[in-house]
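Chain letters run A, B, ... following the sequence lines, proteins first and then strands; every chain starts at 1.
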Number of protein chains: 2
Amino acid sequence: MQTALATAGLAPLFGRSVPAVLPASLTSESRTVTRRTVAANDEIYAEGDRAMSFYKIAAGVVRTYKLLSDGRRQIGAFYLPGDIFGLESGEDHRFGADAVTETRLLVHRREPRALTGDDGALAREVVAAMMRDLERAQEHMMLLGRKSARERIASFLLALSERMADSVGTVCLPMSRNDMADHLGLTIESVSRAVTQLEREGLIELPPNRRTVILRNAAALRHLAD
Amino acid sequence: MQTALATAGLAPLFGRSVPAVLPASLTSESRTVTRRTVAANDEIYAEGDRAMSFYKIAAGVVRTYKLLSDGRRQIGAFYLPGDIFGLESGEDHRFGADAVTETRLLVHRREPRALTGDDGALAREVVAAMMRDLERAQEHMMLLGRKSARERIASFLLALSERMADSVGTVCLPMSRNDMADHLGLTIESVSRAVTQLEREGLIELPPNRRTVILRNAAALRHLAD
DNA sequence: CGTACACTTGATCTCATTCAAGTGACGTGG
DNA sequence: CCACGTCACTTGAATGAGATCAAGTGTACG
């Protein structure tokens, strides 16, 4: 979610030459990187906070969201280990972010030179993260604008299974039904009903704790998701 | 819509130094730029086409969209004069694009070096376009996921009026109700009804041809849009 | 002047929401 | 180890916002 690169940061972004290959420095320690651990459901930053840093997930799951004045919430995206979030083109965070599960973060202080050629690998990683966010957001508009509840659940489970790379055909759901609902533009009850229905139809299977999903008929799910 | 910069194009993007100020070359002729005029409702490129070029609008309005296998359509965005669209991170266009009105385009051939430091102004414009797309897509997810029909119309009219800069408080709608519906996740009838309702409530006013909207109570619209 | 097409309006239907219990997994303390 | 309480999830019934089906109306264009 969220874009990148302060307007002021754009010029430096293109202002230096870079060797072709660099260490994956986003995973290495450096003077601009600190660590932070956040408990489940704790806030990482709020919507409207000054965007001082951006983040890479070492472990855990994060959600970013926007609120309407009456409390309606839209979760823009879930971020998994390895993902970058919190990038903004402007001064402030346009979404809030909090931890879905206990999360360990690498915090990148957003300095004027943080995205310059000093670290081309970082800059490239940042641009790639932004592009991935855009593609996911575009795909998600299709889901929110035109898909039925069943189709939304099918799409969501498939997308998550592709990102989580659990044992083939099994997805664990780190987030609550409430989070799923606010991501998929549904109510918690509609999510529950759609999951139950897919289960009855034999497309998926859930253990008693209901937080893991086994994809029994991925082809049928893919057909539903279109 | 659509992102930018082939994966292969990322490295060159950061590979050259650039003077601080450059001509706005996206509006000037050069060997990589050609012109193209497209009639209303004609296709510019289809979803899945190889992304050979990206485009800047000289005049007219463009819509980008995705289709589900049964024909349901989601319009991702409308682009106005000055906007850039057709940027992709991958090989192919992930959305289709066609002209809403007769449109004049500047076509930028996507060469390996088209986004390098040879033209830092172009590269910066491209990244900025991508970021704007992302912010709009994120805002639109909130609309599609959580707003009522009335709220969607109010949000849409306000956003369009801010981009079109007509005489204050007047927006002309270049697109049909059908296009609005497929952008806002509604049916054409629901769009019509919501517009009529806002009109009856005195928030907007429409001349007999129904293709222009006068914002009579922008504050109330803004409150609706949240 | 007449035809076509876009938009509006009306009646009915449907899918998801809302409101209201119910069920079961998990953690805590006795 | 089991009783209890909590919280997340599920299920049921009633409601409602928007979709669908079906005419109308009016604007533009030849």
Side-chain angles (χ1 to χ4, degrees), chain A residues 39-41 61 63 68 70-74 100-102 143-157 172-201 204-213 224, chain B residues 39-41 61 63 68 70-74 100-102 143-157 172-201 204-213 224:
Chain A
N41 291 307
V61 178
R63 60 178 176 252
L68 251 27
D70 64 355
R72 279 174 286 176
R73 181 178 67 156
Q74 176 66 40
V100 173
T101 61
E102 169 155 321
L143 180 150
L144 293 171
R146 288 293 176 231
K147 290 185 185 175
S148 69
R150 267 160 52 99
E151 291 168 340
R152 292 180 199 205
I153 297 295
S155 303
F156 177 72
L157 293 177
C172 106
L173 302 175
M175 72 289 292
S176 68
R177 294 292 186 267
N178 222 309
D179 285 346
M180 287 174 61
D182 285 351
H183 183 51
L184 300 176
L186 299 168
T187 59
I188 174 177
E189 295 96 332
S190 292
V191 169
S192 184
R193 276 187 253 269
V195 167
T196 302
Q197 195 194 349
L198 291 177
E199 189 181 19
R200 269 198 297 259
E201 293 166 354
I204 59 177
E205 190 180 327
L206 285 85
N209 81 359
R210 316 249 90 198
R211 277 296 187 107
T212 304
V213 179
L224 251 187
Chain B
N41 292 306
V61 178
R63 60 179 177 250
L68 252 28
D70 63 356
R72 278 174 287 176
R73 181 178 67 157
Q74 177 66 39
V100 173
T101 63
E102 169 155 322
L143 180 149
L144 293 171
R146 287 292 176 232
K147 290 185 184 174
S148 70
R150 266 160 52 98
E151 292 168 337
R152 292 179 199 204
I153 297 294
S155 304
F156 178 71
L157 293 177
C172 108
L173 302 175
M175 72 291 290
S176 68
R177 295 291 186 268
N178 223 308
D179 286 346
M180 287 175 60
D182 285 351
H183 183 50
L184 300 176
L186 300 168
T187 60
I188 174 177
E189 295 95 332
S190 291
V191 169
S192 184
R193 275 187 252 270
V195 167
T196 302
Q197 196 194 348
L198 292 177
E199 190 181 18
R200 269 198 296 260
E201 293 167 353
I204 59 176
E205 190 181 328
L206 285 84
N209 82 359
R210 316 249 90 197
R211 278 295 186 107
T212 304
V213 179
L224 251 187

Let me know, please, whether A:Glu189 or A:Ser148 comes out on the 5' side of the other along DNA chain C by nearest nucleotide.
A:Ser148
Nearest whole angstrom, please: distance from the P of D:dT11 to the CZ of A:Arg210.
7 Å
In degrees rounded to 10°, what angle is found between the helical axes fit to the five outermost pairs at each end of the helix from C:dC1-D:dG30 to C:dG30-D:dC1?
30°
Base C:dT18 paired with A:Arg193 side chain (donor-acceptor, <3.5 Å):
yes
Report which part of the nucleic acid A:Thr196 touches: base, sugar-phosphate, or nothing (heavy-atom distance under 4.0 Å, all strands).
sugar-phosphate
Has the side chain of B:Arg63 got a donor or acceptor atom that lies under 3.5 Å from a matching backbone atom of B:Asp179?
no
Between A:Arg146 and A:Ser176, whichever has its closest DNA chain D nucleotide further toward 5' is A:Ser176
Write down the distance between CG (B:Asn209) and C1' (C:dT8), rounded to a whole number of angstrom.
14 Å
Could you give the CG-to-C1' distance, from A:Leu144 to C:dA16, as a whole number of Å?
15 Å
If you assign A:Leu186 and A:Pro208 each to the DNA chain C nucleotide with the nearest heavy atom, which residue ends up on the more 5' nucleotide?
A:Leu186
Would you state whether a donor and an acceptor, one from the side chain of B:Arg150 and one from the base of D:dG18, lie under 3.5 Å apart?
no
Rounded to whole Å, please give me the gap between CD in B:Gln197 and C1' in D:dG18.
12 Å
Using side-chain heavy atoms (C-beta onward) and a distance below 4.5 Å, is A:Met180 in contact with A:Ile188?
no
Rounded to whole Å, please give me the gap between CG in A:Asn178 and P in C:dT18.
12 Å
Gap between atoms CD1 and C1', on A:Ile188 and D:dC7 respectively (whole Å)
10 Å
Backbone of A:Leu186 reached by a side-chain donor or acceptor of A:Ser190 within 3.5 Å:
no
If you take all heavy atoms of A:Arg177 and A:Arg210, which pair is closest and at what distance?
NH2-O, 3.0 Å
Is the distance from OP1 or OP2 of D:dT20 to the nearest side-chain N or O of B:Thr187 less than 4.0 Å?
no
Between A:Asp182 and B:Arg146, does any side-chain N to carboxylate O distance fall below 4.0 Å?
yes
Report the distance from atom CD of A:Glu151 to atom C1' of C:dA16, rounded to the nearest whole Å.
14 Å
Nearest 0.5 Å please: distance from the CZ atom of B:Arg73 over to the NE2 atom of B:His183.
11.5 Å
Nearest-Å distance for atom pair CG/P, residues A:Leu206 and D:dC9
11 Å
Are any non-hydrogen side-chain atoms of B:Arg150 and B:Glu201 less than 4.5 angstrom apart?
yes
Earlier contact from the 5' end, DNA chain D, for A:Arg177 and B:Arg152
A:Arg177
